[in-house]
Each structure stands twice: as C-alpha cells, then as structure tokens.
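All heavy atoms count here, side chains included; hydrogens, waters and symmetry mates do not. When a residue number appears, it is its place in the shown sequence, counting from 1.
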Amino acid sequence: MNPQLLKSKSYKALISAQTVSNLGDWLYILGLMALVGIKWHGSPLEVSLAMLMMSLPSILFGSLAGTLADRMDRKFLMVLSDLTRAAIMVGIVVASQLFEVYLLVALLSLFSTLFEPAKQGKLKEIVAEELLQSAVSTSQLINNGAKIVGPIIGGALIAITSVTWAFYIDACSFLVSALCLTFLPKTERFSQTKETPNETKTSKSSFVHQLAEGFRFLKTTPTLLVGVVMFSLVMFVLQISDSQFIVLFREIHGSSINILGWLMAGSGLGVVLASIYLNKKEITSFIGLLAISSVVLGLGYMGITAGIHMPITMIEILYPIGGVVVGFCFGLSLIPFEVMVQKQTPEQFTGRVFGTIGSLTTLSVILGTSTGGVLSQFFGVHLTYYLAGGLLVLVGLVVYSKRKSLERGNRNAQGEPGTLQETAGRNS
C-alpha cells in the first residue's frame, strides 16, 4: 500500500469496512453452502437455485444500482446496505423453509448490488488520481486475502459449533462495516447531467446495443475474440463445479466442513500466488497461457472428483493442495485475460468491449449454475464434474494448437493502417 493512502482517514475507514465485510462474505458463502447442502440436504437443483439467487439481482438491477450511486449520497447507500444485510443474515438463520432462504439470499444480493457501485464511486471520490492504482490493488489484495482466511475460520467455526454461527458473525461484520463507514464524508454533489434523447433511447436497449458494438470490434481481433470465448467457458465450468461441490462433498465418508473451508482457502491462495508470479513475468503469449491454464484447470477438477473416495486423511491433505492448483490456474486465466483486453482494446472501445465481456461472463455464471444443477440431478455429480473438466481440457488443447495462427491473424488485423480507427469512426 502506498504510504500516502494511510494519511487519508476516509480511505482507512473505507478499507477497514471492506476488510471486515470481505471476511464476513466468505463466512456467508461457506455457511450458505453448508445450510442448503447439508442442513436442508438440498438436491443438486436446490443447491444451484441458491447460487442463482446470489447472481440474478446483479444482472437485473446492476444498472439501476449504478445510477443511484451517482445520484444519491454514497455513504448513506453503503451504510443502509450494511444495516439491511445484517438484518437479512439473522432472517436466514430463523427461516423455516427453503424457499424463504432463497428469497432472503436474493434480497441480500440486491443490497450487495447496491453497495458495490457506491463503494467504487466513493473510492474514486476520496482518493487522488495518482493513488488510484495503489488503492485498487490494495482492495483486490484484501479481497483475495479474505478468501484465504474467511473459509478457514468458517469451516472451523461450523465444525465446532453450528452453521448458524457463520450467519450471526457475518451479521456482526456488516454492523462493524457500517460503523467504519460513518467516518466517511458525505458526497458533496451528484451528477445532474440530463440524458439526450439518443442516450435515453440507447439506455433502454443498452444490453443489446452494448453487445452489438462490442462484438463488432471483437471480430477484428481474433485472439481477443477467442480469449473472451475461452474465459467465458472457464467461468461457465467454474460455476458448474462450484455450485455442485457441496453435493460432491456429501459423498466423502467422515467428512468435515473444515475440508471445504480449506479447499476454498487454497483456491484464494492460488490466485494470490498467480498474481505474484505474473507480476514478475512478462507474458509473451496471452492466448497460449490462457489455453494451458484451461487444460490444467480441467484436469484439476477431474482429479478432485476421482479422489472423492480416498481415505479421509489423504483428502484432508490433497484437497487443499488441489484448491491451490485450481486457484493458481484460474489466476493464470483471469490476469492474462484482463491484461490482453487492456492492451488490445483502443480507448474509444473500452466501455463497449468491457461491457460485452461483463455481459457474457455474467451469462456464463447463470448458465453454468443452471447446467450444473440439471446435470447433477439427472446424471449424477461425478459425471457432471468429468464432463465440465473434460470440456476445459479439450478446448484448451485445441486453442493451444491453433495459437500461432490466431496470433498471426491478430497481427495482420492490427497491422492494416487505419483499420481500428476507421471501425471506431463508423461505430462510435
């Protein structure tokens, strides 16, 4: 962290709130999986539905939340969201039926959707331009660090006490976060810019318009187009596996929720290690690294499935290590992909391309969660994992074998004088 950031009381208040809240978030995710998958003994479809309830509000209300964050006091929105989420956590504990849990999870995600753009806007509001990169990097480090610590604490807590304590502690984390946020200054002014008729018309069909404009550019950059497809596929498979792991976990004889906590922590550590590794290494072939990580990631999921009936002692040792490998490979997919998009996208296309990627990855999350539930319900969780892992391996091998021709095509497309600029002029 840049020492100058520590001089800002507002930044310290915001980052303190995030630290406490992120730890609580991973307690909540682990607790929700244990609640639906173990306490309620939910079917694969019921487990998937719980995961879907966590994602749908961001798709349906993300734009509205962003608009509110630009027009209302962000501090008020964040404190309101934290206090409301604390109450919802208690509601999940006392829910008597599974459908009540679904409704409360969706409501919690709705307020999380409201919180996030307000937090991002507040960060830009209180941090000087030259310190933004350091502030964002610190925020990401805290998030991944919480993914390491949170599940370990949650797994031990649930094993020693009960799953309900994970929700009570998360409720307390929201209260502490709200207290930290009270030290932030109020937003002094809000955007009063009126939309032009054309902007209003565009906003009504923003999803379709954004996809169309983004795809027009992606078609001119072969490696970027393939990268988007591959990363969306990675997210699709991750959601198939993540949404069904609690179903697979139930087959471990003599298992403890600690194993799941350590596995999640291992994946977080893997992402951190990938970040450190790539920070010191120049990436020579983005598409090649993305393909290799896809293959190893697929093999990792297949290996976790194959070892489900090993002795419990071996599982307790090997599964966290497998989590590190899977997390590391995901980091090798995520980071090179983001760098590739930044480097290969002209400034005038950034919003549309990133918007298109965001839409596709969110769609992959929804489809992956749904597909995982259906496949596990009708064909079994083992076959689901093997199919998902095998798909990543197959696509990764095909793309790796074609990487040189794709990169040549990419250089040819970018080497045509004026191509990108002319395309920008036609589509802007």
Side-chain angles (χ1 to χ4, degrees), residues 24-58 85-112 147 150-151 153-171 173-174 238-252 255-265 267 304-305 308 319 323 365-382 384-385 388:
D25 287 344
W26 287 106
L27 280 174
Y28 160 65
I29 292 172
L30 183 63
L32 181 63
M33 293 176 70
L35 181 71
V36 178
I38 298 177
K39 181 179 178 180
W40 292 90
H41 205 76
S43 69
L45 286 175
E46 288 172 332
V47 173
S48 289
L49 187 55
M51 298 298 106
L52 280 173
M53 290 300 102
M54 295 176 63
S55 304
L56 283 176
S58 65
R85 288 186 290 179
I88 294 171
M89 279 294 170
V90 178
I92 291 176
V93 173
V94 300
S96 59
Q97 298 185 52
L98 196 52
F99 85 89
E100 294 175 355
V101 174
Y102 293 149
L103 292 177
L104 290 169
V105 168
L107 188 61
L108 184 82
S109 297
L110 175 62
F111 279 94
S112 296
K147 187 177 180 181
I153 297 174
L157 182 69
I158 294 171
I160 295 172
T161 57
S162 67
V163 66
T164 56
W165 278 101
F167 296 98
Y168 285 134
I169 293 178
D170 195 17
S173 77
F174 283 126
L238 283 176
Q239 291 307 309
I240 289 178
S241 55
D242 287 355
S243 67
Q244 294 304 305
F245 188 78
I246 195 65
V247 178
L248 187 69
F249 174 81
R250 291 194 305 229
E251 297 189 15
I252 300 177
S255 64
S256 167
I257 195 67
N258 272 329
I259 299 175
L260 182 56
W262 280 99
L263 180 65
M264 293 172 66
S267 68
I304 288 174
T305 311
I308 200 70
Y319 269 43
V365 168
I366 298 297
L367 292 176
T369 303
S370 304
T371 302
V374 172
L375 288 176
S376 293
Q377 182 74 37
F378 294 103
F379 301 103
V381 67
H382 289 262
T384 298
Y385 266 73

Taking the side chain from [X] and the backbone from [Y], do they hold a donor-acceptor pair closer than 3.5 Å?
{"X": "Y102", "Y": "E46", "result": "yes"}
{"X": "E100", "Y": "S96", "result": "yes"}
{"X": "T371", "Y": "G368", "result": "no"}
{"X": "T369", "Y": "S48", "result": "no"}

Mind listing the closest non-hydrogen atom pair of [X] and [Y] along with its distance?
{"X": "F167", "Y": "I92", "value": "CE2-CG2, 3.8 Å"}
{"X": "G24", "Y": "S173", "value": "CA-OG, 3.7 Å"}
{"X": "P57", "Y": "S109", "value": "CG-CB, 3.6 Å"}
{"X": "Q244", "Y": "V381", "value": "O-CG2, 3.9 Å"}
{"X": "M89", "Y": "F174", "value": "CE-CE1, 3.9 Å"}
{"X": "A166", "Y": "G31", "value": "CB-CA, 4.3 Å"}

Gap between atom [atom2] of [Y] and atom [atom1] of [X] - 0.5 Å precision:
{"X": "L104", "Y": "F99", "atom1": "CG", "atom2": "CZ", "value": "9.5 Å"}
{"X": "I88", "Y": "L103", "atom1": "CD1", "atom2": "CG", "value": "11.0 Å"}
{"X": "L108", "Y": "M53", "atom1": "CG", "atom2": "CE", "value": "13.0 Å"}
{"X": "H41", "Y": "I246", "atom1": "NE2", "atom2": "CD1", "value": "10.5 Å"}

Is there a side-chain contact between V101 and L35 (heavy atoms, below 4.5 Å)? yes
Apply the side chain to side chain contact (heavy atoms under 4.5 Å, CB included) test between F245 and each candidate in T305, L263, I240; give the one that qualifies. L263
Given V105, V47, L27, the one that forms side chain to side chain contact (heavy atoms under 4.5 Å, CB included) with L32: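 Option passing the side chain to side chain contact (heavy atoms under 4.5 Å, CB included) with L32: V105.
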Side chain to side chain contact (heavy atoms under 4.5 Å, CB included) with I29: which residues, sequence neighbours excluded?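 Here the qualifying residues are W26, M33, M54, M264.
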Counting only heavy atoms not in W40 (residues, nucleotides, ligands), do more than 12 fall under 6.0 Å from its CH2?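 Yes, CH2 of W40 has more than 12 neighbouring heavy atoms, counting only those of other groups under 6.0 Å.
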Applying side chain to side chain donor-acceptor pair (under 3.5 Å), can you list everything that pairs with T384, at least two apart in sequence or on another chain?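 Checked T384 against side chain to side chain donor-acceptor pair (under 3.5 Å); matches are S376.
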